[in-house]
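It should be emphasised that the depicted structure is a prediction, and the values quoted were computed from it without experimental measurement.
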Amino acid sequence: KAGGGGFYRTANNGVSWYYISTPLFESGIFSKMFALNNNQLWMLKSFYYNKDGGVWYSSNSGTNWVQVNTGLISDTLDQISYSDMKINSTGIGFLSGSIYYSAQKINKGFIQKTTDFGITWVTQYFDDEVYHDILLINDSECVLFGFSNNVSQPEIIERKTTDSGLNWSLISPFQSLPYQYNLNNAVYIPAKDIIIAFVVGGIYKSTDRGNTFSRITSETDTYISNIVFEKKPKSKDEQIIIAWNYGLNYLMSLDAGTTWKQKTLPAAIGNSLWLAAIAEGVIYIIMDQLSLYKSTDLGVTWNQLDIQTYTGLQALSIYDKNTFTLNAYFNIVSSTDGGNTF
């Protein structure tokens with residue numbers, strides 16, 4: 001294990017640890033380590049506050065180290081961050097990372113291949129991509145996960161090769177997710193020949209080595225940060241509840257939280273649900289802090305309300321289905337007729 005406190009090794013399943021003095025590792029970011037066996041170990045580092053990124057190799061369980069010549073040079077102008085590495089027992093493997101060109105302020109992803117246990121490397125570059133997980137399935141098949149660094153439309157991406165790294169196809173396996181650029185981790189399980197991806201939107205499984213994914217968690221197993229309860233419900237057992245994180249997906253309960261259903265707002269009304277309020281079966285929502293919508297059929301349809309010149313909608317308080325108050329920039333705005341007039 002490695003971190004801010006140094007580099008440690010265990011040989012008894014973690015019962016005890018001993019410190020290994022490694023001056024090269026005293027500062028910087030340890031992005032990943034990979035052990036092929038008891039002796040062969042690689043350590044990856046990323047550029048961090050003028051500490052250059054690099055790869056180091058030990059043939060004796062971390063006692064001695066040599067820097068690996070990957071063919072890439074990390075410095076203040078070309079800031080290299082190594083993200084992951086996998087090598088199999090035949091010496092074939094892949095190394096991934098990204099380069100931030102500080103002068104141009106752009107990112108470029110790279111994938112490197114070795115056939116001799118990391119002595120020599122062949123590099124391929126991909127614009128606006130950043131990688132962090134390599135899944136080496138066999139000598140010819142490998143899958144990489146990362147994300148597109150295109151700020152206009154960030155998304156989780158997958159690069160896959162079936163010809164030992166000669167060609168890398170680009171796959172977007174989670175396009176339907178509202179937070180499709182938040183991938184936490186991915187693993188390949190050889191015994192089951194499946195890939196498991198841990199995404200903010202849930203846990204996904206692939207049985208075709210990354211070509212397609214299906215969700216294996218409940219639709220309610222999703223990150224939420226806001227919740228509102230219906231004012232003046234029909235009964236205590238029929239209270240409407242809405243829970244959401246900023247986006248288009250939200251969870252709705254019609255039975256005071258006993259059961260939940262995931263619903264999705266139409267993309268035409270905005271990008272992000274900001275606030276919601278419910279009373280007597282009527283739902284009001286603020287989208288993108290810009291527009292106000294109303295639904296009288298439990299979210300099946302949404303009608304935009306005319307808030308005239310008011311902007312910056314930041315707060316919403318409701319009394320009954322017709323009476324509610326908005327904070328609109330420097331104004332407090334109220335309606336007593338369901339949003340027909342303010």
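- Considering all non-hydrogen atoms of both residues, Trp168 and Cys142 come closest at CZ3-O, 3.8 Å.
- The shortest distance between side-chain heavy atoms of Ile318 and Thr323 does not fall below 4.5 Å.
- For the residue pair Ser164/Ser140, the side-chain donor-acceptor check at 3.5 Å is not satisfied.
- A heavy-atom distance below 4.5 Å is found between the side chains of Tyr131 and Ile111.
- Note that the CG atom of Asp255 and the CG atom of Asp237 stand 8.5 Å from one another [nearest 0.5 Å].
- Minimum heavy-atom separation, Trp260 to Leu251: CE3-CB, 3.7 Å.
- With sequence neighbours excluded, no residue satisfies salt bridge (charged side-chain N to carboxylate O under 4.0 Å, His left out) with Lys231.
- Applying the ring pair (Phe, Tyr, Trp, His ring centres under 6.0 Å) test to every pair with at least one member in residues 295-320, sequence neighbours left out, gives no pairs at all.
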Exercise. Decide side-chain hydrogen bond (donor to acceptor under 3.5 Å, both in side chains) for Ser58 and Asn60; before the verdict, give the C-alpha distance in whole Å, the side-chain angles of both, and the deciding distance to 0.1 Å.
Key: CA-CA 6 Å; Ser58 174; Asn60 53 11; 3.0 Å; yes
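- Residues Leu275 and Ile227 are members of separate hydrophobic clusters, defined by side-chain heavy-atom contacts under 4.5 angstrom among Ile, Leu, Val, Met, Phe, Trp and Tyr.
- Enclosure of atom OH in Tyr101 by more than 12 non-hydrogen atoms of other residues, nucleotides or ligands within 6.0 angstrom is indicated.
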Begin with the C-alpha distance, continue with both residues' side-chain angles, and end with the deciding distance and a verdict on side-chain contact (heavy atoms from CB on, under 4.5 Å) for Ser31 and Ser83.
CA-CA 6 Å; Ser31 49; Ser83 57; 5.7 Å; no
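- Placement of Leu72 and Phe117 within a single hydrophobic cluster is found when ILVMFWY residues are connected by side-chain heavy-atom separations under 4.5 Å, directly or transitively.
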Thr311 vs Leu290, test: side-chain contact (heavy atoms from CB on, under 4.5 Å). Steps then yes/no. CA-CA 6 Å; Thr311 61; Leu290 297 174; 5.8 Å; no
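- Atom CD1 of Ile137 sits about 10.5 Å away from atom OG1 of Thr161, to the nearest 0.5 Å.
- With a 6.0 Å cutoff to the six-membered ring centre and a 45° limit on the axis angle, Lys45 counts as a cation-pi contact of Phe30.
- The CG atom of Leu136 lies 8.5 Å from the NZ atom of Lys86; values are rounded to the nearest 0.5 Å.
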Yes or no on side-chain contact (heavy atoms from CB on, under 4.5 Å) for Ile195 and Lys205, after CA distance, side-chain angles and deciding distance? CA-CA 6 Å; Ile195 294 174; Lys205 177 176 72 173; over 6 Å; no
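- Side-chain polar atoms of Thr264 and Asn249 form a donor-acceptor pair below 3.5 angstrom.
- The environment of CD1 in Ile73 is sparse: at most 12 heavy-atom neighbours from other residues, nucleotides or ligands sit within 6.0 Å.
- Comment: Lys108 does not engage Asp128 in a salt bridge, judged by the lack of any side-chain N to carboxylate O separation of less than 4.0 angstrom.
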request  = Output, in order, the C-alpha distance, side-chain angles, deciding distance and verdict of side-chain contact (heavy atoms from CB on, under 4.5 Å) for Phe198 and Leu183.
outcome  = CA-CA 6 Å; Phe198 301 89; Leu183 170 70; 5.7 Å; no
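- Hydrophobic clustering (side-chain heavy atoms under 4.5 Å, transitive across Ile, Leu, Val, Met, Phe, Trp, Tyr) groups Leu248 together with Leu313.
- Tyr82 and Thr70 share a donor-acceptor pair across their side chains, judged by distance under 3.5 Å alone.
- One finds no salt bridge joining Glu280 and Lys234 here, because no Lys/Arg side-chain nitrogen approaches an Asp/Glu carboxylate oxygen to under 4.0 Å.
- For Ile224 against Ala243, the heavy-atom pair with the smallest separation is CD1-CB, 3.7 Å.
- Note that CG of Leu44 is 7.5 Å distant from CG of Asp84, once rounded to the nearest 0.5 Å.
- We find the CG-CG distance between Asp288 and Asn271 to be 5.0 Å, quoted to the nearest 0.5 Å.
- In the hydrophobic cluster analysis, where Ile, Leu, Val, Met, Phe, Trp and Tyr join through side-chain heavy atoms closer than 4.5 angstrom, Ile203 is grouped apart from Ile156.
- Proximity of the aromatic rings of Phe324 and Tyr284 is defined here by a centroid distance below 6.0 angstrom, and this criterion is met.
- For the residue pair Thr90 / Asp139, a side-chain donor-acceptor distance below 3.5 Å is found, with atom types taken as modelled.
- Across all their heavy atoms, Asn38 and Arg9 have their closest contact at O-NH2, 4.1 Å.
- With salt bridges taken as basic N to acidic carboxylate O contacts below 4.0 Å, one links Lys160 and Glu141.
- Side-chain contact between Trp42 and Ile87 is present, with at least one heavy-atom pair separated by less than 4.5 Å.
- A donor-acceptor pair shorter than 3.5 Å can be found between the side chains of Gln112 and Thr123.
- For the residue pair Asp337 / Ser335, a side-chain donor-acceptor distance below 3.5 Å is found, with atom types taken as modelled.
- Two residues are said to be in side-chain contact when any heavy atoms from C-beta on lie closer than 4.5 Å; Glu158 and Ser172 fail this criterion.
- Heavy atoms from other residues, nucleotides or ligands lying under 6.0 Å from NZ of Lys113 number more than 12.
- Ring pair Phe213/Phe174: centre-to-centre distance below 6.0 Å.
- Counting heavy atoms from C-beta on, the side chains of Met287 and Leu265 come closer than 4.5 Å.
- You'll find the side chain of Leu170 reaches within 4.5 Å of the side chain of Arg159, heavy atoms only.
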Exercise. Any chance you could lay out the side-chain hydrogen bond (donor to acceptor under 3.5 Å, both in side chains) test for Tyr57 and Gln40, step after step, and finish with the verdict?
Key: CA-CA 7 Å; Tyr57 169 71; Gln40 293 179 279; 3.1 Å; yes
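- Few gaps surround CG on Asn12; more than 12 heavy atoms of other groups in view lie less than 6.0 Å from it.
- When all heavy atoms of Ile286 and Leu292 are compared, the closest pair comes out as CG1-CD1, 4.0 Å.
- A continuous path of Ile, Leu, Val, Met, Phe, Trp and Tyr side chains, each step under 4.5 Å between heavy atoms, connects Ile269 with Ile283, placing both in one hydrophobic cluster.
- Atom CG of residue Asn88 and atom CG of residue Asn138 lie 8.5 Å apart, to the nearest 0.5 angstrom.
- Under a 4.0 Å N-O distance rule, the pair Asp320/Lys232 does not qualify as a salt bridge.
- Glu230 contributes a side-chain N or O that, together with a main-chain N or O of Ile240, makes up a donor-acceptor pair within less than 3.5 Å.
- For the ring pair (Phe, Tyr, Trp, His ring centres under 6.0 Å) with Tyr8, the lone residue among Trp17, Tyr19, Tyr18 that qualifies is Tyr19.
- Here the closest non-hydrogen pair linking Phe110 and Ser98 is CE2-N, 3.3 Å.
- Judged purely by distance below 3.5 Å, without hydrogens or angles, the side chains of Asn167 and Ser169 never pair a donor atom with an acceptor atom.
- With contacts defined as side-chain heavy-atom distances shorter than 4.5 Å, the pair Ile242/Ile278 qualifies.
- No hydrogens or angles considered: a donor-acceptor pair under 3.5 Å links the side chains of Ser225 and Asn245.
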